[in-house]
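A short worksheet on the structure shown next.
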Amino acid sequence: MTAQPEGKTITFPPVDEQLAYVRKGSAEIIPEADLVAKFTASRASGKPLRVKLGVDPTAPDIHLGHTVVLRKLKHFQDLGHTAVFLIGDFTAMVGDPTGQSETRPPLTREQVNAYAKTYLEQVYKILDKEKTEIRYNSEWLDKLSSHEMIRLCAKYPLKRMLEHDDFRSRLENKQSISVHELLYPLLVAYDSVILEADVELGATEQKFNLLMGREIQREYQKPLQVAFTMPILVGLDGERKMSKSLGNYVGITETPQEMFGKLMSISDEQMWLYMELLTDRPSAEIARLRRHVAEGAAHPMEVKIGLAQEIIASFHGETAAIHAADEFRQVFQKRGAPSDVPQKKLKPGSRALHALLTETGLAPSRSEAERLIKQGGVEINGTRVEDVKHEVNLTAHTEILLRAGKKKFLRLVAE
């Protein structure tokens, strides 16, 4: 566990500057007046706030959607506050019911520990390792006695628990709810009691759990945390939240070229949200750039290239990001692609790559399309695709460059 030295006095920026810095891109701060009061007290005492982000390691890889709240934790860290990154190695075995229409299959302790290790390796691409307090909730949840567990359960009424959107929906649809799922919000709230969290971060879908933390802190006579929620990042399909299972994600450990190709596939409209949530550009600068694009003073593709380069630089370094941008420009503008690449308009939607090749005439048949893919003869925005099951998500106003073989190029525009 690493963190800032105990008892160290810090000089914090003015409260209004702190608030403006962390407010960017946020969804809700509940209540904001409490955060202002905490900033004020912290600045007067020189004692940093304890800002908690809990993550259950239920999969090995982190994608850009996960980094939205991680970046906000980094913002608090930038201001001098204590970033408490909580690994839910105990709660991961229970399973977060949020967004679930059925009970999750339980994970083993071995699975959770393996995922936690890779999570940390990736988290330090964003957080300052030397200034981050790492905790595991098995430290205290493993040790809860039966008496203490019953005492915890007695502090929250079942009626209010069933007001949770996911529980209510499952009851209405006559879908089962296991008793251990009702414990999950109580356990993560108890984490806030133990950690004495001043602020807890989470996505908007975690709002119930974050507010539960306030309630349980009150029951244990602790100061109440501020619930700070961030928007959910929409995936590459432009419709659903970014998810590896949906195939609409950008992984932070993917190569710069892979990340670049994926980021260039998002729609012009979608790139503004990515810029707001995945970069440190001030909102005023983003608004100004958006006006320039609307007025024709800036080309949306060049803006998107700059965005992709900035995002990639934060994970792979500036040199790798510049190289990926140069490669993209070379593929799109120079590398064998004629200046007058034919353009084809398609309806938005998801298509198998082999189907897209035959639909656009780049391959005469499905078997030929699959052969071409397997042989590495197909590229999307300069990224080679060798998976015959690859899905191409075309969202409205998306433009991609498709290459089949050495000389066949086609610019696809979804309208």
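Reckoned from all heavy atoms, side chains included, excluding hydrogens, waters and symmetry mates.
Salt-bridge formation is not detected for the pair Glu258/Lys262: no Lys NZ or Arg NE/NH1/NH2 atom is positioned less than 4.0 Å from an Asp or Glu carboxylate oxygen. A salt bridge does not link Glu121 with Lys129: none of the charged nitrogens is closer than 4.0 Å to a carboxylate oxygen. No salt bridge links Asp280 with Lys24; every basic N to acidic carboxylate O contact stays at or beyond 4.0 Å. A salt bridge does not link Lys52 to Glu133: none of the charged nitrogens lies less than 4.0 Å from a carboxylate oxygen. Ion pairing of Lys74 with Asp78 is present here, as a side-chain N (NZ or NE/NH1/NH2) and a carboxylate O approach within less than 4.0 Å.
Between the Arg214 side chain and the Gln225 main chain, a donor and an acceptor come within less than 3.5 Å of each other. Looking only at distances, a side-chain donor or acceptor of Asn137 sits under 3.5 Å from a matching main-chain atom of Phe90. Judged by distance alone, the side chain of Asn248 and the main-chain N or O of Ser243 form a donor-acceptor pair under 3.5 Å. For the pair Arg50 (side chain) and Leu195 (backbone), a donor-acceptor distance under 3.5 Å is present. Put simply, the side chain of Arg384 gets close to the backbone of Gly376: a donor and an acceptor are under 3.5 Å apart. Between the side chain of Gln18 and the backbone N or O of Pro13, at least one donor-acceptor pair lies under 3.5 Å. Judged purely by atom type and a 3.5 angstrom limit, Gln122 has no side-chain atom pairing as donor or acceptor with the backbone of Ile252. Listed for the Arg170 side chain is no donor-acceptor partner under 3.5 Å among the backbone atoms of Gln175. No donor-acceptor pair closer than 3.5 Å links the side chain of Gln309 to the backbone N or O of Ala325. A donor-acceptor pair is defined here as one N or O able to donate and one able to accept, closer than 3.5 Å; no such pair exists between the side chain of His354 and the backbone of Ala369.
Leu236 and Tyr274 make their closest contact through N-OH, 4.1 Å (heavy atoms, listed as atom of the first residue, atom of the second, distance). The two atoms that bring Ala189 and Met212 nearest to each other are CB-CG, 3.5 Å, heavy atoms only. The two residues Arg281 and Leu307 come nearest to each other via the heavy atoms NH2-N, 4.2 Å. Minimum interatomic distance between Ala298 and Val303 (heavy atoms only, all atoms of both residues): CB-CG2, 4.2 Å. Residues Leu35 and Val226 share a closest heavy-atom pair of N-CG2, 3.7 Å. Glu310 approaches Thr279 most closely through the heavy-atom pair OE2-CB, 3.3 Å.
When side chains are defined from C-beta on, Ser350 does not count as touching Asp237, because their heavy atoms never get closer than 4.5 Å. Taking the side chain as every heavy atom from C-beta outward, Thr253 and Thr118 never approach each other to under 4.5 Å. At least one side-chain heavy atom of Met275 sits less than 4.5 Å from a side-chain heavy atom of Leu289. Between His81 and Phe39 there is a side-chain heavy-atom pair separated by less than 4.5 Å. Within the 4.5 Å cutoff, the side chain of Tyr115 has no heavy atoms near those of the Asp56 side chain. Looking at Leu49 and Phe12, their side chains never come closer than 4.5 Å, going by heavy atoms from C-beta outward. Looking only at side-chain heavy atoms (C-beta outward), Leu357 and Ile373 come within less than 4.5 Å of each other. Counting heavy atoms from C-beta outward, Val55 and Val69 have side chains that stay 4.5 Å or more apart.
Between the side chains of Glu276 and Ser283, at least one donor N or O lies within less than 3.5 Å of an accepting N or O. Checked by atom type, the side-chain pair Lys72/Ser26 shows no donor-acceptor distance below 3.5 Å. Side-chain contact, Ser192 with Gln217: no donor N or O sits under 3.5 Å from an acceptor N or O.
Rounding to the nearest 0.5 Å places OH of Tyr156 at 6.5 Å from CE of Met161. Here CG of Leu70 is found 10.5 Å from CD of Gln77. Values are rounded to the nearest 0.5 Å. Atom CZ of Phe328 and atom CD1 of Ile305 lie 5.5 Å apart (nearest 0.5 Å). Here the straight-line distance linking atom CG of Leu187 with atom OG1 of Thr91 works out to 7.0 Å at 0.5 Å rounding. A distance of 12.5 Å separates CD1 of Ile194 from CD1 of Ile216, quoted to the nearest 0.5 Å. A distance of 11.0 Å separates NE2 in His180 from CE in Met93, rounded to the nearest 0.5 Å.
More than 12 non-hydrogen atoms from other residues, nucleotides or ligands lie less than 6.0 angstrom from NZ of Lys155. Remark: Lys125 NZ is packed, more than 12 non-hydrogen atoms of other residues, nucleotides or ligands lying under 6.0 Å away.
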Quiz item: What do the steps show when you test Arg351 against Leu346 for side-chain contact (heavy atoms from CB on, under 4.5 Å), and what is the final call?
Solution: CA-CA 11 Å; Arg351 298 166 174 80; Leu346 297 174; 3.9 Å; yes

Quiz item: For Arg329 and Glu302, what are the C-alpha separation, side-chain angles and deciding distance, and is it a side-chain contact (heavy atoms from CB on, under 4.5 Å)?
Solution: CA-CA 10 Å; Arg329 285 192 174 96; Glu302 284 302 315; 2.9 Å; yes

Quiz item: For Ile134 and Val123, what are the C-alpha separation, side-chain angles and deciding distance, and is it a side-chain contact (heavy atoms from CB on, under 4.5 Å)?
Solution: CA-CA 11 Å; Ile134 302 296; Val123 160; 5.7 Å; no

Practice problem: Tell me, with the steps shown, if Glu370 and Arg366 meet salt bridge (Lys or Arg N to Asp or Glu O under 4.0 Å). | Solution: CA-CA 6 Å; Glu370 291 183 348; Arg366 172 172 176 166; 2.9 Å; yes

Exercise. Before giving the answer on side-chain contact (heavy atoms from CB on, under 4.5 Å), spell out for Gln206 and Thr229 the whole-Å C-alpha distance, their side-chain angles and the decisive distance to 0.1 Å.
Key: CA-CA 8 Å; Gln206 295 295 326; Thr229 65; over 6 Å; no

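Between Phe228 and Phe76, the ring planes are perpendicular. Angles over 60° get that label, and only those under 30° would be called parallel. The aromatic rings of Phe167 and His164 lie tilted to each other, with the angle between the two planes from 30° to 60°.
Just one residue in the list Glu285, Glu269, Glu295 forms a side-chain hydrogen bond (donor to acceptor under 3.5 Å, both in side chains) with Arg290, and that residue is Glu269.
Remark: aromatic rings of His323 and Phe260 are distant, center separation not under 6.0 Å.
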